[in-house]
Amino acid sequence: METLSENKCFGGVQGVYSHTAKTTKCDMTFAVYLPPQAQHGKVPVVWFLSGLTCTHENAMTKAGAQAHAAEFGVAVIFPDTSPRGDDVANDDAYDLGQGAGFYVNATQAPWSHFQMWDYITSELPDLVFEQLPLDRDRQAITGHSMGGHGALTIAMTMPDVFKSVSAFAPIANPTVSDWGRKQFTAYLGADETQWTPHDASLLMAEKGHPNPVLIDQGTSDNFLDLLRPETLSQAMATKRQAGTFRMQDGYDHSYFFISTFMRDHIKFHAEVLTT
C-alpha cells in the first residue's frame, strides 16, 4: 500500500493510497479519512461508493464527510469506481467502462478487469483492515447513484458484515433501466437471471435487510426516470422493511444534495456502529 498523500483534516488524517490489485489486475487508488479518535485505537468504518464518472476524489473533496466523521468518530473509505489504465477496456460512453464499474464481477469479454464486487467486498477490506486502525466488526456502507446501487446490493447480500446501509439517489431498479440493462448486458451477458442479484428493488422485495436502512432522494433529480426510486420504496413497503425513505423537496443529483444530508447519514451509521 503506497501513500500518495496525507493531510491533517478536522483533527484527523485524510489519506490517499494506491496498490496493485489482484482482482482488477491493475493499480487502484482509494482514499481513507481517519478521525482523530483513530489515534487511540480502532474506529468504525463507513464505506462510501461513488457514482458514474467518479474516482475516489469526488466524494472525498465534495461530500463534506470529514467534519461529521470526526464529530462521530468513524472512518470513511472512498474507493474508486472501476479499474483503470491503458490495458483496461473502455468505452466512449460515460456510463460504460472506466468510471462505470457498477460494482459487479464482469464475466464477458473484454471486461475481465472489472471485478469490482470482489474488490470492494474482499480485496480492499483485507488491505485496509490490515494496514490501518479500523474495526472490521463495525462496518456500514453508503453511496450515491451507481454507488447507492452498489451499497444496497452489497449490504443486502452481506448483512452480517454491514450493520447499516444508506444511499443517496441510488439506481434502484437497474434491470429495467437504461442505467443497468446496458451495463449488465456488457459485463454479465444477456442472461437476465445473472442480473437480479444486482437489483436493489428485487433484493429488497426478496430479502430485505435486517439492519437499519436510510434512503434520500431529491425530488428535482433530473435522472429520476433512470433511478426509479418508486420501485425501491414499493419494495420496502411490500417487504415491510424497517427503514426510512425520504423524498427531499427541490434537491437534485449533485454533490450539493449529498453534502446537505451527509451529516444525517454519518450520524445514522455512527449511532449503529458505536452502540
Side-chain angles (χ1 to χ4, degrees), residues 33 35 43-51 54 58-60 62-69 71-79 81 103 120-121 125 138-174 198-201 203-204 207-219 221 223 227-237 239 241-248 251-275:
Y33 177 70
V43 293
V45 174
V46 177
W47 294 81
F48 187 99
L49 305 187
S50 292
C54 291
N58 299 74
M60 180 186 78
K62 295 179 180 180
Q66 291 86 349
H68 313 310
E71 177 186 356
F72 293 107
V74 299
V76 184
I77 301 176
F78 307 94
T81 56
Y103 304 101
I120 295 296
T121 64
R138 294 187 290 167
Q139 296 184 66
I141 191 166
T142 187
H144 171 232
S145 194
M146 179 184 72
H149 138 78
L152 289 166
T153 56
I154 288 170
M156 283 187 279
T157 304
M158 305 175 67
D160 292 339
V161 174
F162 297 101
K163 309 305 181 187
S164 54
V165 59
S166 70
F168 300 85
I171 300 175
N173 193 199
H198 300 286
D199 188 304
S201 294
L203 286 175
M204 182 62 72
K207 296 182 177 182
H209 191 59
N211 303 321
V213 176
L214 172 63
I215 312 293
D216 273 319
Q217 172 64 62
T219 63
D221 193 318
F223 300 114
L227 302 171
R228 295 177 56 82
E230 67 279 1
T231 60
L232 182 58
S233 176
Q234 290 165 5
M236 291 176 69
K239 189 63 177 176
Q241 169 71 44
T244 302
F245 191 108
R246 307 190 298 192
M247 296 297 297
Q248 300 289 5
Y251 285 90
D252 58 20
H253 201 68
S254 71
Y255 273 92
F256 296 111
F257 159 62
I258 296 170
S259 62
T260 299
F261 298 102
M262 179 56 74
R263 186 180 188 276
D264 289 357
H265 285 244
I266 295 293
K267 181 182 179 183
F268 166 77
H269 292 300
E271 287 176 346
V272 174
L273 297 176
T274 59
T275 55

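The first residue of the sequence shown is numbered 1, and numbering continues consecutively from there.
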For residues Ala151 and Val165, report the shortest heavy-atom separation together with the two atoms involved.
O-CG2, 3.6 Å
Please work out which of the three classes, parallel, tilted or perpendicular, describes the rings of Phe78 and Phe48, given edges at 30° and 60°.
tilted
Please answer whether the main-chain N or O of Pro159 pairs with a side-chain N or O of Asn211 as donor and acceptor at a distance below 3.5 Å.
yes
Closest heavy-atom pair, Asp221 versus Ala169, reported as atoms and distance to 0.1 Å, is OD2-CB, 3.7 Å
If you measure from OG1 on Thr142 to CG on Leu214, what distance do you get to the nearest 0.5 Å?
7.5 Å
Pairwise distance CD1(Ile120) to CH2(Trp47) - rounded to 0.5 angstrom
6.0 Å
According to the interplanar angle, ranging from 0 to 90°, do the rings of His253 and His144 count as parallel (below 30°), tilted (30 to 60°) or perpendicular (above 60°)?
tilted
Any chance the side chains of His265 and Asp216 put a donor and an acceptor closer than 3.5 Å?
yes
Heavy-atom donor-acceptor pair, Ser233 side chain to Pro229 backbone, under 3.5 Å:
no
How long is the gap from CE on Met156 to CZ on Phe162, to the nearest 0.5 Å?
12.5 Å
I need the minimum non-hydrogen distance between Lys163 and Asp160, along with the two atoms involved.
NZ-O, 2.9 Å
For Asp252, salt bridge (Lys or Arg N to Asp or Glu O under 4.0 Å) partners two or more places apart:
none
The reported gap from CD1 in Ile258 to OG in Ser145 (rounded to nearest 0.5 angstrom) is 8.5 Å
If you round to the nearest 0.5 Å, how far is CD of Gln139 from CD1 of Ile154?
11.0 Å
Quick one: do Asp199 and Asn173 satisfy side-chain contact (heavy atoms from CB on, under 4.5 Å)? Show the steps, please.
CA-CA 6 Å; Asp199 188 304; Asn173 193 199; 2.9 Å; yes
Specify the closest pair of heavy atoms between Thr231 and Ser201, including all atoms of both residues, with the distance to one decimal.
OG1-OG, 2.9 Å
Are the side chain of Gln241 and the backbone N or O of Ala235 linked by a donor-acceptor pair below 3.5 Å?
no
Qualifying residue, where the test is side chain to side chain contact (heavy atoms under 4.5 Å, CB included) with Tyr103 and the options are Leu49, Thr121, Leu152:
Leu49
Apply the test side-chain contact (heavy atoms from CB on, under 4.5 Å) to residues Val46 and Leu273: give CA-CA distance (whole Å), side-chain angles for both, the deciding distance (0.1 Å), then the verdict.
CA-CA 9 Å; Val46 177; Leu273 297 176; 4.3 Å; yes
Let me see the working for Ile266 and Val76 under side-chain contact (heavy atoms from CB on, under 4.5 Å), right down to the final yes or no.
CA-CA 9 Å; Ile266 295 293; Val76 184; 4.2 Å; yes
Which salt bridge (Lys or Arg N to Asp or Glu O under 4.0 Å) pairs, counting each pair once, include a residue from residues 254-266, with sequence neighbours left out?
Glu71-Arg263, Arg246-Asp264
Please name the pair of heavy atoms, one in Gly73 and one in Pro44, separated by the smallest distance, quoted to 0.1 Å.
O-CD, 3.4 Å
Regarding Thr153 and His198, do their side chains bring together a donor and an acceptor under 3.5 Å, going by distance alone?
no
Yes or no on ring pair (Phe, Tyr, Trp, His ring centres under 6.0 Å) for His269 and Phe72, after CA distance, side-chain angles and deciding distance?
CA-CA 9 Å; His269 292 300; Phe72 293 107; over 10 Å; no
Worked check of side-chain contact (heavy atoms from CB on, under 4.5 Å) between Lys267 and His68
CA-CA 8 Å; Lys267 181 182 179 183; His68 313 310; over 6 Å; no
Is the side chain of Thr81 donor-acceptor paired with the backbone N or O of Cys54 at a distance under 3.5 Å, no angle test?
yes
Looking at Gln234, Met236, Glu230, which one forms a side chain to side chain contact (heavy atoms under 4.5 Å, CB included) with Phe245?
Met236
Which atoms form the tightest heavy-atom contact between Ala200 and Pro174, and what is the distance?
N-CD, 4.4 Å
With side chains defined as the heavy atoms from C-beta onward, is the minimum distance between Ser166 and Phe261 less than 4.5 Å?
no
